[in-house]
Amino acid sequence: MDIMDKTGPANYPAHRYTDDRIDVQLNCRGAREYAKMSFPVKYGLFSRLETREMIFEFNLNQEIRHAKAKPPGWSHPSEWLKRTMGNDWVYYSTGGYAGVVESIGEYYLPNLMYQTNSLLGGKPFDTPEVLGILDEWHPVLSKIDTRTPGMPEAISHWLEQVKQVSPETLAQKAKDLFDISGARSMVLPPDARHSDYDIIPLTLQDGCLYKCRFCKVKNKKPFVQRSRQNIKDQILALKSLYGKDIVNYNSLFLGEHDGLNAPMDLILYAAQTAHEHFGFHNAYMQRPMLYFFGSVDALLGADDRLFENLNGLPFHTCINIGLESADDKTLSLIGKPITARQVERAFDRIQAINQRYRQIEMTCNFVMDRDLPASHNASMLDLVRGKMGHTSPKGSVYLSPLQFGNPSREVLFDFYHLKTQSRLPMFLYIIQRL
Ligand code: SF4
């Protein structure tokens with residue numbers, strides 16, 4: 001271990017305490033890099049509390065992060081609940097069949113509490129076992145006696161802190177997080193799956209260029225970039241809000257909908273300043289990641305030096321471009337004010353950047369719906385198959401169902417049919433908020 005490692009056991013000593021009611025493990029050391037595994041992996045530094053019926057995990061701010069019940073109150077031992085920084089609960093399921101990893105590139109399927117465009121999954125938030133955890137986790141914690149004879153001071157102190165973090169405290173903290181940037185991020189880039197959506201959101205700009213008719217996550221704000229001072233203020237406020245748990249983060253999302261359209265200097269300033277202030281160089285989680293969205297116009301107008309500079313940053317950068325369709329008829333139908341010719345040029349530039357820069361992956365999105373003209377899929381396949389001389393593992397293509405709250409086997413079948421023809425990795429985009 002690096003002696004400069006501030007997240008080593010000397011600073012986060014492990015403690016364990018067990019009696020006939022609870023088992024507590026402080027400062028467990030999880031994996032330091034995100035990985036795609038077919039079994040549940042624990043990441044970061046965290047603490048764990050087991051009662052007779054339930055298992056909870058907490059971050060370094062003593063905030064609940066994961067929860068599940070023990071059998072017989074929980075039917076799937078390898079499934080669990082995760083609470084996000086936006087204070088949503090996400091239920092991670094195996095999906096019940098083998099197609100999850102082929103569909104979304106991950107072994108576990110996130111089931112969300114709100115309506116989204118997912119084609120997969122059930123309704124875990126309607127089940128008594130999940131509702132039981134969401135209702136009971138804090139009352140269960142509140143009843144734990146911290147003055148039990150023989151309980152070490154470190155354990156009773158930690159339990160007292162855990163008990164003070166109520167659902168109301170967590171809701172207020174999420175609101176404080178949204179207030180730092182001015183609004184909740186209603187959509188995160190699909191590439192953020194590589195960090196299990198554990199990102200720190202830093203707003204570089206508000207709004208977007210196009211205000212497409214089909215889009216369900218747009219807002220009314222015109223595209224406006226933030227000032228350097230505003231970005232610096234956000235960074236300081238975020239550092240304070242994430243507190244001790246910031247060592248468990250290594251991923252930055254530069255919002256809002258079109259970070260790539262911000263000036264090069266501002267993008268680089270935001271990434272470098274955040275890296276320095278958030279201490280990504282000696283975080284517990286390794287291999288820093290940078291995520292943002294870009295529009296077709298932003299990509300076509302971007303200076304080559306931006307990509308040169310991004311490639312030299314201590315991040316692996318993923319930029320997600322909303323192409324939506326390479327068919328003029330479809331673009332007009334969905335109300336996206338760009339042309340198929342622009343989309344084709346943007347697609348070519350994405351491939352060129354992916355080939356040239358090791359530390360950058362550009363990905364893109366296309367819409368998917370049974371009611372779109374046949375020319376939509378045909379023109380998309382001309383790009384993802386016809387234009388590609390060979391298969392490539394880099395540059396994922398995400399298909400985004402247009403309909404929300406409408407899982408459909410037929411559309412899933414269409415997806416698999418397209419995926420088998422693509423020479424680029426192809427996945428479904430499940431729209432997820434912060
Ligand atoms: S798809 Fe992108 S550019 Fe179009 S309205 Fe939505 S956020 Fe804006």
Side-chain angles (χ1 to χ4, degrees), residues 86 112 114-118 178 181-193 197 199 201-226 253-263 266-267 291-302 318-347 349-350 362-369 371-373 376 379-380 383 396-406 427-434:
L112 307 174
Y114 45 91
Q115 264 209 353
T116 183
N117 60 348
S118 183
F178 307 148
S181 56
R184 178 177 216 167
S185 302
M186 295 310 289
V187 57
L188 297 173
D191 309 303
R193 66 189 174 89
Y197 290 88
I199 50 88
L202 175 61
T203 301
L204 197 60
Q205 54 75 220
D206 297 281
C208 66
L209 295 178
Y210 303 139
K211 308 297 174 203
C212 316
R213 198 166 51 241
F214 78 94
C215 176
K216 293 195 172 63
V217 296
K218 63 179 176 280
N219 53 40
K220 291 197 165 76
K221 295 180 240 173
F223 179 93
V224 179
Q225 72 205 43
R226 298 285 181 99
F253 165 50
L254 296 180
E256 190 175 32
H257 298 311
D258 195 357
L260 186 59
N261 200 44
L266 200 66
I267 297 172
Y291 302 107
F292 53 102
F293 287 113
S295 63
V296 165
D297 277 283
L299 176 60
L300 295 178
C318 294
I319 310 171
N320 178 254
I321 307 293
L323 298 180
E324 321 308 356
S325 182
D327 172 44
D328 280 322
K329 203 165 152 193
T330 304
L331 287 166
S332 147
L333 208 66
I334 64 174
K336 182 134 192 146
I338 54 175
T339 65
R341 179 72 196 118
Q342 285 176 292
V343 169
E344 191 181 338
R345 283 174 50 221
F347 182 84
R349 191 156 195 213
I350 288 171
M362 301 215 57
T363 64
C364 63
N365 306 331
F366 287 88
V367 293
M368 185 170 60
D369 193 87
D371 290 338
L372 293 175
H376 169 61
S379 59
M380 179 176 68
L383 299 184
S396 294
V397 175
Y398 292 95
L399 299 196
S400 184
L402 280 179
Q403 306 219 14
F404 273 47
N406 192 19
F427 301 108
L428 288 170
Y429 183 1
I430 301 176
I431 291 184
Q432 194 161 332
R433 70 187 182 189
L434 176 63

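As the structure lists them, so they are numbered: ligands from 1, and atoms in each ligand from 1.
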| remark: for atom 8 (Fe) of ligand 1, nearest protein heavy atom and its distance come out as Cys208 SG, 2.3 Å
| query | When you measure from atom 7 (S) of ligand 1 to every protein heavy atom, which one gives the shortest distance, and what is it? | reply | His257 CG, 3.7 Å
| note | Candidates Lys336, Lys218, Lys211; heavy atom nearest atom 2 (Fe) of ligand 1 found on Lys336
| message | For the residue pair Tyr210 / Asp297, report whether a side-chain donor-acceptor contact shorter than 3.5 Å exists. | response | yes
| message | Within a 6.0 Å radius of atom NZ on Lys211, are there more than 12 heavy atoms belonging to other residues, nucleotides or ligands? | response | yes
| remark: Per-atom filter on ligand 1: closer than 4.0 angstrom to a heavy atom of Tyr210 are 3 (S)
| field | Contact flag Cys212/atom 4 (Fe) of ligand 1, N/O/S atoms, threshold under 2.8 Å | value | yes
| Hey, which of Leu323, Leu331, Leu299, Leu300 is the one that makes side-chain contact (heavy atoms from CB on, under 4.5 Å) with Gln342? | Leu300
| Got more than 12 heavy atoms from elsewhere within 6.0 Å of CZ, Arg345? | no
| What is the closest protein heavy atom to atom 6 (Fe) of ligand 1, and at what distance does it sit? | Cys215 SG, 2.4 Å
| request: Would you confirm whether Arg433, through its side chain, and Arg184, through its main-chain N or O, come within 3.5 Å as a donor-acceptor pair? | output: no
